[in-house]
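None of the values given here were measured: they were computed from a predicted structure.
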Amino acid sequence: MAAAPGLPGPGPERTPNDPVSFGTADVRQDSAAPQTTAAETARESLTEDTAGEPTAIDGTADADRTGSTPPAPQQAGTTAGAEQVGTTAAQPAPTADGIASTPAEHVSTPTDTEGSGTTPGEQPLVGAPPTGTDLSDTADDGPGSAHDQDHDHATPTQQGQPQAPAHTDNGEPTPTGTDDAQDARTPEAGTDDDAEPAADAEPPPPVDPEQALAAVGWELDPRTLREQAPNPAQLRVIRDGLTGKLDTTLDNRSRARLLSLRAVASRILGDLDDALGDARLAVTYAEATGEFRRTALARARLAEALRWRGDHAEADRIFAEANSPELPDRLRALLHEHAGRCCYDQGRLTEACLHFERALDLRHGEDAQLNARIEVALDAVAERAAADGFGPPPRRPEEVLGTPRLPVATFDEEQRLWGYADADGEMVIAHRYAEAQPFHEGLAWVRRPEASRWALIDTSGAALIEANNGYRSVVPFSEGLSWVSMDGKGRWMAVDRMNIVKIPPGYEEARPFRNGLAAVRQNGGWGAVDLTGEVVVPTRYHRLGTVLADGREVDGFTADGLAVVELAGRRGVVDRAGRVVVTPAYPTVVVHPVAFLVATESGRWGALDRRGEPLIDPVHPGRAAVVAEIDRLLADASPVL
């Protein structure tokens, strides 16, 4: 089979059965990474696992974030100067998650603006500290500090502006324009005659296991399409290091990351039972954080552990569930690549090729490592197809997800009535309704010709709520609830399938629930309520609706718990707790997986980070150029997931 379009030309000749190496990186032997530029800081803030997390949003801005003005000098021994500009004098090196890591003893439970100790909606799991417990050495570390590793935010990249000056440990700018600038802690060799001999110097601290895992040069077996460790003994040491960090880490966010990374190490070492146990527990911790991308990545690592064990049906389902259009394209591409490998294991070669093609499309052929790995995969597919064929035809999404195909409404032209047919076109519910809504969650609202009110039926046609309950207007079920109105004009309330009122009447308009929230209008203003009826976003906005970067519009909140609101013709962003992330001040706001795209009055486009701070200046003629710039800033996730 020929290489997919867009792949680079052939490299050095490779024997088909030789493993292919990829993902190599250097491991720093000291605990501090080099000082970073503003663009590098932005990359660290836009990682696949943590960038733009709603939990990082507090609606506040750090002083002097742009880097255009040097910070005021600080007293020796303080770190405030570095934090005030959104950078630190020594940034942690990237880890296998593509995020910066701090030593385990410095991991703290990120807090929200009220100091709860957990993210909005997060409850610590068993063994986690009680709400409000501070695990860090410094209680008030600012965003972007070493203690806030999962909330590093982006420093603005200014078009045509010089980079912000590097800073010393006391926050003062380091002199620029010289070649002999030295770290104040590292005197030049030979400048101090009384210096202690080198043999008496303290040994460098050990490499952090997350950084070490990120630096492993994995080898891809061209027959099994599984990663191999070039040095299993070293990988065991790394796994032991991850265990050591887990022993001193209690917050849900860090435990989710460390458990899923340990699952990766165990999987590649062949300890599949341990890998599966860690991966399942990692998903539990990730879900407790309420963070969309963290949960998706943990679920993908679980799916890969299941794939290696041969539990392909569950692996296929989890890959499909994790791969949401609201994720960054590069993470989606990795999910398609690994889902394709799972199909390859099953002999579903056509379906595997579709996944590989989708992965290439998402990256537009610009990811050299992904291109190389998929070239290896396509070679393996060609060899196997030549011997055994391409296997069964691709499955429908419902088959992969294990969800039943719901009946579809059909109209009889002669009777002028609606009924429902199954996936094969066979009638399962006779044509007897004047109006029929689509099935959602196995339920559909229908109205008979002789009735003016709606009834609720299940997939067999049995009535769960009769028309005599008096609902003149209804909204399809979502997340277990449906909005209904007795007069058809207002006073909307939410009922469950047993017709129990869960949210009392009182709203002039209501939208279906999405990600636990529903947009509602009251007294002329839009806001949002949760599934219990609590108002989480005050009904003060003129509009609530969200446009996504791929062009789709969602009627409410994204999976990250964000919604675009409009006030007096200006748009901004609120989160699921009702906090204002972006003040309504822009003609247009579009939600990107890791940022917000904004337009000015002149039609120029730029971007804000997920804290609502400037990320890319509004100088671009269209939003496509801004998306390309954001993609350039993103840090790669580990290809082994």
Measuring only between side-chain heavy atoms, which start at C-beta, is [X] closer than 4.5 Å to [Y]?
X      : Y      : answer
Asp631 : Arg363 : yes
Val381 : Cys353 : yes
Arg611 : Val581 : no
Arg373 : Val376 : no
Val594 : Leu633 : no
Leu327 : Pro593 : no

request  = Applying side-chain contact (heavy atoms from CB on, under 4.5 Å), run through Arg610 and Asp560 and close with a yes or a no.
outcome  = CA-CA 11 Å; Arg610 280 295 179 89; Asp560 273 330; 3.2 Å; yes
Please find the pair of heavy atoms, one from [X] and one from [Y], that lie closest to each other, and give the distance.
X      : Y      : answer
Ala315 : Ala303 : CB-O, 3.4 Å
Ala300 : Leu335 : CB-CD2, 3.1 Å
Ala352 : Gly340 : CB-O, 3.3 Å
Glu326 : Phe292 : CB-CE2, 3.9 Å
Ser254 : Thr249 : CB-CG2, 3.2 Å
Leu370 : Ala359 : CD2-O, 3.7 Å

Salt bridge check, [Y] against [X]: does any charged N sit closer than 4.0 Å to a carboxylate O?
X      : Y      : result
Glu227 : Arg341 : yes
Asp367 : Arg330 : no
Arg294 : Glu287 : no
Glu304 : Arg301 : no

Donor-acceptor pair, distance only, cut-off 3.5 Å: does the side chain of [X] make one with the backbone of [Y]?
X      : Y      : value
Asn371 : Gly365 : yes
Asn515 : Thr558 : yes
Arg255 : Ala286 : no
Arg332 : Ser324 : yes
Asp221 : Leu225 : no
Glu351 : Cys343 : no

Determine all donor-acceptor pairs shorter than 3.5 Å in which one atom belongs to a side chain in residues 268-282; sequence neighbours excluded.
| from | atom 1 | to | atom 2 | distance (Å) |
| --- | --- | --- | --- | --- |
| Asp271 | OD2 | Arg239 | NH1 | 2.7 |
| Asp271 | OD2 | Arg239 | NH2 | 3.3 |
| Asp273 | OD1 | Arg309 | NH1 | 2.4 |
| Asp278 | OD1 | Arg262 | NH2 | 3.0 |
| Asp278 | OD2 | Arg262 | NE | 2.7 |
| Asp278 | OD2 | Arg262 | NH2 | 3.4 |
| Arg280 | NH1 | Glu314 | OE2 | 3.2 |
| Arg280 | NH2 | Glu314 | OE1 | 3.3 |
| Arg280 | NH2 | Glu314 | OE2 | 3.3 |

What's the separation between atom [atom1] in [X] and atom [atom2] in [Y], rounded to the nearest 0.5 Å?
X      : Y      : atom1 : atom2 : result
Arg299 : Leu306 : CZ    : CG    : 10.0 Å
Ile374 : Asp379 : CD1   : CG    : 12.0 Å
Gln228 : Thr224 : CD    : OG1   : 6.0 Å
Leu360 : Leu362 : CG    : CG    : 9.0 Å
Asn252 : Arg257 : CG    : CZ    : 12.5 Å
Thr295 : Leu302 : OG1   : CG    : 12.0 Å

query = side chain to side chain donor-acceptor pair (under 3.5 Å) with Asn323: which of Arg358, His355, His336?
reply =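 Testing each of Arg358, His355, His336 against Asn323, the sole residue satisfying side chain to side chain donor-acceptor pair (under 3.5 Å) is His336.
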message = For a salt bridge (Lys or Arg N to Asp or Glu O under 4.0 Å) check, start with the C-alpha distance between Glu210 and Lys245, then their side-chain angles and the critical distance, and finish with the verdict.
response = CA-CA 10 Å; Glu210 295 184 65; Lys245 291 189 73 170; 2.6 Å; yes
query = In chain order, what residues pass the salt bridge (charged side-chain N to carboxylate O under 4.0 Å, His left out) check against Asp345, with sequence neighbours excluded?
reply =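 By the salt bridge (charged side-chain N to carboxylate O under 4.0 Å, His left out) rule, Asp345 matches Arg307.
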message = Which residues pass the salt bridge (charged side-chain N to carboxylate O under 4.0 Å, His left out) test with Glu357, not counting sequence neighbours?
response =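 For Glu357 there are no salt bridge (charged side-chain N to carboxylate O under 4.0 Å, His left out) partners, ignoring immediate neighbours.
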query = Partners of Gln346 by side chain to side chain contact (heavy atoms under 4.5 Å, CB included), sequence neighbours excluded?
reply =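 Here the qualifying residues are His312, Asp316, Cys342, Arg348, Arg395.
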query = Among all residues two or more places apart in sequence or in another chain, which pass the side chain to side chain contact (heavy atoms under 4.5 Å, CB included) test with Arg384?
reply =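 Side chain to side chain contact (heavy atoms under 4.5 Å, CB included) list for Arg384, sorted by chain: Tyr344, Leu349, Asp388.
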key: Counterpart residues, ring pair (Phe, Tyr, Trp, His ring centres under 6.0 Å), relative to His592 (two or more places apart)   =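 Scan of His592 (ring pair (Phe, Tyr, Trp, His ring centres under 6.0 Å), adjacent residues dropped) gives none.
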key: Derivation of the salt bridge (Lys or Arg N to Asp or Glu O under 4.0 Å) call for Arg223 and Glu383   = CA-CA 9 Å; Arg223 287 190 178 276; Glu383 182 177 347; 3.0 Å; yes
request  = Tell me yes or no: between the side chains of Thr243 and Asp240, is some donor less than 3.5 Å from an acceptor?
outcome  =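 Distance-only check fails for Thr243 and Asp240.
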